[in-house]
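Here the structure comes first, spelled out in structure tokens, and everything after it is commentary.
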Amino acid sequence: MVNVLSSADVPVPSTRHPGAGAGAVGLVLGAVLSVQFGGAVAALLFPRIGVDGVLTMRLMIAALVLLAVCRPRVRGYRCTDWLLIGGFGVALAGMNTLFYHAIELIPLGPAVMLEVLGPLVLSVVTARCVASWLWAGLAAAGVALLSSVGFDRLTPAGIGFAVAAGAMWAGYIMASARVGQRFPKVDGLALAMTAAAVITLPSGAGAAGTALLSPSILAMGAAVALLSTVLPYTLELLALRRMPTTTFAVLMSLGPAVAALAGYVVLHQQLTTVEGLAIALVIAANIGAVRTPPRRSTTPERRKKVAVPETTVSGVIVRSPLYE
């Protein structure tokens, strides 16, 4: 996955750190590699316990780790707060379910490229800037180029799953911004991850059955959870403390290219020249959209808003009080 700014309109300073050192860049690249190779390892498990089984195992293990580390408070919240957590959990479960079904049908690189369109469109729309529409056009050119290779490798169902995952990702971004304002630190993420695990448990248990209890399956599931959630999240948090968020976003935009590499190394998926060019166009569009400053209102009401720090989850920057 790659990075886009969230839809929240609170101005956030990105000058906490004047630059990004090699160590910070290494942390971001490590996070990108971890996420995409985690997806590739997950695909290896599909024939053994099914897509839903892999997803349930990953979310359950990730939820247990987050609950143990964060120990979120569960008292003192209103019903609307819990409804928000539920919606966040639905978005998280839907985004991952659709994406896993996509990479079951089409190569990892193009799947990530298509999924990126959801956050990219959200970034363009919320930027309210004419230049952003140029980046949207560049991304559309990439999609058109990708569709020209035919459906021998990119099935209509796989494309549909990837695009739907992107739409859910956009919803995830908006929900995460609101959760970050209501819940301290990363408590909201831990609770939403738990909700997502519960949501996917019936389908996952039904698909995998007792195979979920196999030691070898559990070991690979733990590796997927570590690579796809725990490790990248930790690396991203550390990186954001050392570099401006715009630099972070540009580096995270390399996600589709890294996904193509992971697909080649782990799953032996070849990438055609046309597919590579399409991915490059979408990466360029995402970088351009991230670096294009949004048009900000200068009304007194907007100027009175208080800036809050940012954190990120799997490449998505969201406003939260994590650094307060």
Side-chain angles (χ1 to χ4, degrees), residues 1-3 26-62 65 95-116 146 149 152-155 157-159 161-162 165-166 169 200 204 207-208 211-212 214-236 251-280 282-283 314-315:
M1 294 183 182
V2 300
N3 180 284
L27 289 172
V28 178
L29 295 179
V32 175
L33 287 167
S34 184
V35 167
Q36 305 305 343
F37 275 85
V41 173
L44 293 176
L45 277 173
F46 291 165
R48 302 181 65 179
I49 58 175
V51 175
D52 294 324
V54 175
L55 177 65
T56 295
M57 181 177 296
R58 172 198 161 185
L59 293 179
M60 289 293 293
I61 294 174
V65 171
M95 173 180 68
N96 284 281
T97 300
L98 291 166
F99 179 71
Y100 273 22
H101 278 287
I103 63 176
E104 182 187 28
L105 299 173
I106 63 177
L108 185 60
V112 172
M113 190 210 84
L114 291 168
E115 186 195 26
V116 163
L146 187 66
V149 301
D152 54 333
R153 282 163 49 86
L154 305 178
T155 65
I159 292 173
F161 280 130
W169 192 1
T200 60
L212 286 174
S214 168
S216 61
I217 296 295
L218 285 173
M220 289 191 69
V224 171
L226 178 67
L227 289 171
S228 299
T229 304
V230 179
L231 182 59
Y233 183 65
T234 302
L235 293 176
E236 289 165 7
L251 292 172
M252 291 295 290
S253 297
L254 299 174
V258 177
L261 174 63
Y264 175 77
V265 173
V266 179
L267 303 174
H268 309 293
Q269 296 174 342
Q270 301 290 332
L271 194 68
T272 68
T273 302
V274 173
E275 290 170 345
L277 181 57
I279 289 174
V282 173
I283 290 175
S314 298

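Just so you know, residue 1 is the first one in the sequence shown, and it goes up from there.
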Shortest non-hydrogen contact between Gly38 and Leu227, atoms and distance = CA-CB, 3.6 Å

query = OG1/Thr272 to CD1/Ile279 distance, rounded to the nearest 0.5 angstrom?
reply = 8.5 Å

Nearest heavy-atom neighbours spanning Pro107 and Leu154 = CD-CD2, 3.9 Å

remark   = CD1 of Ile217 to CD1 of Ile49, rounded to nearest 0.5 Å, is 5.0 Å

ask   = Can you name the nearest heavy-atom pair linking Phe37 to Val266, along with the distance?
value = CD2-CG2, 3.6 Å

ask   = Atom OG1 of Thr229 and atom CD1 of Ile61: how far apart are they, to the nearest 0.5 Å?
value = 10.0 Å

query = Checking Glu115 side chain against Phe99 main chain: does a donor-acceptor pair fall under 3.5 Å?
reply = no

request  = Supply the atom-to-atom distance Phe161 CZ to Glu104 CD, rounded to the nearest 0.5 angstrom.
outcome  = 8.5 Å

note = Taking every heavy atom of Pro110 against every heavy atom of Leu271, the minimum-distance pair comes out as CD-CD1, 4.2 Å

inquiry  = Any heavy-atom pair between the side chains of Leu108 and Val112 that's under 4.5 Å?
reply    = yes

request  = Give the C-alpha distance, both sets of side-chain angles, the deciding distance and a yes or no for side chain to side chain contact (heavy atoms under 4.5 Å, CB included) between Met220 and Val224.
outcome  = CA-CA 6 Å; Met220 289 191 69; Val224 171; 5.5 Å; no

request  = Go through the steps to decide whether Thr200 and Asn96 satisfy the test side chain to side chain contact (heavy atoms under 4.5 Å, CB included), and finish with yes or no.
outcome  = CA-CA 10 Å; Thr200 60; Asn96 284 281; over 6 Å; no

Leu105 versus Gly158, closest heavy-atom pair with distance = CD1-N, 3.7 Å

message = Let me confirm one number: the CZ-OG distance from Arg48 to Ser214, rounded to the nearest 0.5 Å.
response = 6.0 Å

query = Is the shortest heavy-atom distance from the side chain of Leu254 to the side chain of Val28 under 4.5 Å?
reply = no

query = Is it the case that more than 12 heavy atoms not belonging to Tyr264 sit under 6.0 Å from its OH atom?
reply = no

request  = Would you name the heavy atoms of Leu212 and Gly204 that are closest together and state the gap between them?
outcome  = CD1-O, 4.1 Å

message = Can a donor-acceptor pair be found, under 3.5 Å and without considering hydrogens, that links the side chain of Thr56 to the backbone of Asp52?
response = yes

query = How long is the gap from CE on Met57 to CG on Leu218, to the nearest 0.5 Å?
reply = 5.0 Å

